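Keep in mind that what you see is a predicted model, and the values were worked out from it rather than measured. Naming convention: chains lettered A, B, ... in sequence-line order (proteins, then strands); numbering from 1 in each chain.
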Amino acid sequence: MLDINYIIENKEHVKELLKRKMYEADIDGLVKNVEEKRKLQKITEDNKAEQNKLSKSVPQAKKEGGDVNAIFAKVKALSAENKENEEKLKVLESQINEILYALPNLPDEDLLEGGKENNKPIYYYKDKPEFSFKIKNHVELAESLGLIDYDRAAKVSGHGTWFYTNLGARLEWALLNFFINEHINDGFEFMMPPHILNYESGFTAGQFPKFEGDVFELKGMDPAKFLLPTAETALVNYYRNEILDGSELPKKFFAYSPCYRKEAGSYRTEERGMIRGYQFNKVEMFEYTKEDESDAAFEELLRKAKSLVEKLGLHYRVSKLAAADCSHSMARTYDIEVYLPSIGIYKEVSSVSNARSYQARRGMMRYRGADGKLHYMHTLNGSGLATSRVFPAILEQFQQEDGSVIVPEVLRPYMGGISVIKPIKK
RNA sequence: GGAGAAAUACUCAAGUGGUUGAAGAGGAUGGUCUUGAAAACCAUUAGUAGGUGCAAGCCUAGCGCGAGUUCGAAUCUCGCUUUCUCCGCCA
């Protein structure tokens with residue numbers, strides 16, 4: 001959520017930044033409504049103050065045998081007068097919130113305007129792998145190596161899902177454990193969040209009200225809950241409605257969870273297999289920082305995410321996202337994209353973002369600074385990493401002519417020392 | 001899933017319709033005394049959100065959350081959430 005006073009004081013600048021994010025909103029109408037609301041609020045509150053004063057005088061009047069009924073009548077009249085204003089206030093408020101709650105975060109000043117087409121690769125690791133033989137895509141590899149069973153998952157669940165089988169499950173588990181240990185070594189605190197979240201959690205994250213359709217709702221629960229689309233949604237709510245002491249920050253967390261998303265509906269060739277499913281595994285890093293320390297934290301998360309891909313030995317690039325391609329709640333996002341040789345494109349394995357105070361405002365998460373005043377925390381998140389993109393990249397980038405796949409060295413301790421995954425004979 | 005009880009400030013806790021935004025105790029902070037500490041005594045201690053004002057301040061909201069009754073609600077009514085106890089089921 002944006003600071004309404006900041007919007008009022010910097011109306012034109014806010015409009016300009018929203019334009020860079022390709023977001024259209026009636027800012028003038030919003031400001032006008034807020035001003036009108038404040039005027040009406042003053043009148044209503046003054047009226048209430050008068051009512052309170054009169055009501056408080058009742059016991060005294062009773063003692064002195066004064067005309068209590070006259071006071072009752074007066075208060076009642078004032079109260080009736082206010083009723084109309086209160087209705088109007090409610091309407092104004094809901095009009096304001098409808099716009100305010102849906103506004104995205106403002107992009108950082110240095111971001112390029114516009115969408116995906118303006119994303120800018122700023123770093124490459126290793127060269128594109130070259131193959132002297134006809135390569136297979138990750139779906140073919142996963143099946144011939146007996147790592148993934150899509151067909152039986154379709155029977156058991158439906159499309160957009162899969163079983164990890166045998167060495168596939170072990171490879172997946174190895175990846176997750178490798179990531180987890182790296183984060184523990186870096187001093188991050190391991191969390192395992194609930195997967196079932198309430199509406200307020202979705203609101204704080206910025207998921208609601210704008211993107212309710214993207215999550216799986218559990219309508220059987222009252223009130224309805226939803227399945228977390230990323231561990232970020234749980235972690236960003238950990239300190240909701242809390243005030244921490246500045247000395248407690250930064251808080252560095254990471255969590256493992258499956259991520260449940262509805263978006264897997266439409267398939268494109270490049271999203272076959274496990275590139276986009278209803279459920280995938282992810283280890284997520286999350287930091288709460290003081291407001292002047294989030295830039296350093298952002299660099300830290302980016303560095304950590306990069307190091308994971310590098311230790312696996314995968315060719316990848318880092319893209320600095322243009323304003324409109326950053327997530328709704330984020331002021332800046334860098335994507336780490338791993339190369340998939342079969343389709344010749346880079347796919348996101350990590351998204352590192354700084355939400356600045358946007359989420360903290362939505363969830364009222366503050367800290368008391370050294371100055372004794374309250375400040376909004378800054379929140380940051382970064383995947384570290386999503387396995388459903390790393391897994392295919394490993395298969396494709398490390399495939400051999402005989403159809404086998406070399407296991408990255410760092411994963412071998414987690415896989416009982418297995419260094420090569422060989423095709424299974426039919 | 002069923003039945004019951006509870007939720008008040010940093011903590012415990014009093015409070016069943018009226019100057020109660022809240023007694024009391026503990027804790028914390030400051031002070032007196034002391035070489036220092038302890039003890040004793042004294043004082044302070046709701047943070048917050050919103051509005052208004054140059055400011056000091058003032059106003060509104062706020063006793064789990066949300067509605068309602070009333071001139072007036074911590075107190076009465078309804079819905080919800082969470083916690084505890086018991087039963088059922090179960091890893």
Side-chain angles (χ1 to χ4, degrees), chain A residues 1-9 30-97 99-101 192-204 208-209 217-226 234 237-248 258 357-377:
Chain A
M1 195 157 64
L2 302 180
D3 179 0
I4 187 63
N5 288 320
Y6 181 85
I7 296 177
I8 290 170
E9 283 158 27
L30 175 69
V31 170
K32 209 181 109 226
N33 274 344
V34 170
E35 280 164 356
E36 199 175 324
K37 186 199 120 185
R38 285 182 179 173
K39 247 186 253 164
L40 199 56
Q41 186 177 353
K42 178 94 175 79
I43 296 169
T44 310
E45 286 182 358
D46 286 349
N47 188 316
K48 271 192 183 167
E50 181 66 19
Q51 285 179 53
N52 286 344
K53 227 199 237 160
L54 284 168
S55 286
K56 273 185 183 166
S57 73
V58 168
Q60 184 74 12
K62 263 184 185 166
K63 233 183 274 170
E64 292 167 0
D67 187 356
V68 184
N69 284 325
I71 298 176
F72 289 170
K74 240 189 205 166
V75 177
K76 207 165 187 179
L78 283 171
S79 168
E81 211 175 282
N82 243 8
K83 200 148 201 178
E84 202 180 315
N85 283 342
E86 277 171 355
E87 293 295 323
K88 272 192 215 159
L89 272 175
K90 258 186 206 165
V91 173
L92 276 170
E93 226 158 86
S94 70
Q95 284 170 349
I96 290 165
N97 290 345
I99 296 177
L100 189 63
Y101 290 169
M192 295 186 75
H195 298 182
I196 296 169
L197 306 179
N198 58 26
Y199 184 91
E200 289 77 11
S201 292
F203 178 82
T204 301
F208 302 155
E217 262 194 279
L218 297 168
K219 294 208 163 113
M221 300 185 92
D222 182 31
K225 306 273 170 75
F226 68 100
N237 280 278
Y238 193 66
Y239 290 120
R240 167 150 43 96
N241 292 330
E242 292 192 37
I243 297 172
L244 301 187
D245 192 83
S247 62
E248 295 175 78
S357 64
Y358 182 89
Q359 294 174 318
R361 265 177 213 287
R362 294 173 85 88
M364 287 297 275
M365 300 180 287
R366 290 161 297 164
Y367 67 93
R368 197 168 295 283
D371 56 1
K373 288 185 185 152
L374 293 178
H375 304 267
Y376 284 100
M377 301 180 200

Counting only heavy atoms not in A/Y238, do more than 12 sit closer than 6.0 Å to its OH atom?
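No - once you tally the heavy atoms of other residues, nucleotides and ligands closer than 6.0 Å, there are 12 at most.
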For A/N52, which contact category applies under a 4.0 Å heavy-atom criterion: base, sugar-phosphate, or nothing?
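Answer is sugar-phosphate: A/N52 comes under 4.0 Å of backbone atoms only.
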Using a heavy-atom cut-off of under 4.0 Å over every strand shown, decide if A/L374 touches base, sugar-phosphate, or nothing.
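Sugar-phosphate only.
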Using the [atom1] atom as the reference point in each nucleotide, state the distance between [N] and [M] in Å, no decimals.
N: B/rC76; M: B/rU83; atom1: P; answer: 24 Å
N: B/rG47; M: B/rA61; atom1: C1'; answer: 14 Å
N: B/rA37; M: B/rU48; atom1: C1'; answer: 38 Å
N: B/rA23; M: B/rU82; atom1: C1'; answer: 28 Å
N: B/rU81; M: B/rG27; atom1: P; answer: 39 Å
N: B/rA74; M: B/rG62; atom1: C1'; answer: 11 Å
N: B/rU44; M: B/rG51; atom1: C1'; answer: 29 Å
N: B/rG31; M: B/rC84; atom1: C1'; answer: 43 Å

Can you figure out which of [options] approaches the side chain of [X] most closely?
X: A/M364; options: B/rA49, B/rG51, B/rC59; value: B/rA49
X: A/K42; options: B/rG18, B/rU60, B/rU52; value: B/rU52
X: A/V75; options: B/rC59, B/rA49, B/rC71; value: B/rC71
X: A/V58; options: B/rU60, B/rC59, B/rG18; value: B/rG18
X: A/K56; options: B/rU19, B/rU48, B/rC71; value: B/rU19

Quick check on side-chain contact (heavy atoms from CB on, under 4.5 Å): which of A/E50, A/K83, A/K48 does A/L78 satisfy it with?
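Going through the options one by one, the only one that passes is A/E50.
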What is the distance, rounded to the nearest whole Å, between atom CG of A/D245 and atom P of B/rG47?
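Answer to the nearest Å: 16 Å.
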To the nearest angstrom, how far is A/K37 atom NZ from B/rG51 atom C1'?
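These atoms are roughly 9 Å apart.
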Tell me, please, which residues at least two apart from A/K225 pass salt bridge (charged side-chain N to carboxylate O under 4.0 Å, His left out).
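Partners of A/K225 by the salt bridge (charged side-chain N to carboxylate O under 4.0 Å, His left out) criterion come out as none, since no residue qualifies.
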Going by salt bridge (charged side-chain N to carboxylate O under 4.0 Å, His left out), name the residues that satisfy it together with A/K42, two or more places apart in sequence or in a different chain.
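Partners of A/K42 under the salt bridge (charged side-chain N to carboxylate O under 4.0 Å, His left out) test: A/D46.
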Nucleotide forming a Watson-Crick or wobble pair with [N], both distances under 3.5 Å:
N: B/rG72; value: none
N: B/rG17; value: none
N: B/rA6; value: B/rU82
N: B/rG30; value: B/rC42

A/N237 side chain to A/S201 main-chain N or O, any donor-acceptor pair under 3.5 Å?
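Between the backbone of A/S201 and the side chain of A/N237 there is a qualifying donor-acceptor contact (under 3.5 Å).
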side-chain hydrogen bond (donor to acceptor under 3.5 Å, both in side chains) between A/S55 and A/N52: does it pass, once the steps are laid out?
CA-CA 5 Å; A/S55 286; A/N52 286 344; 5.7 Å; no
Under 3.5 Å, is there any donor-acceptor pair linking the side chain of A/E45 to the base of B/rG50?
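Indeed, a donor on one side and an acceptor on the other fall under 3.5 Å apart.
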Donor-acceptor pair under 3.5 Å: do we get one between A/K62's side chain and the base of B/rG18?
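Counting by modelled atom types and ignoring angles, a donor-acceptor contact under 3.5 Å is found here.
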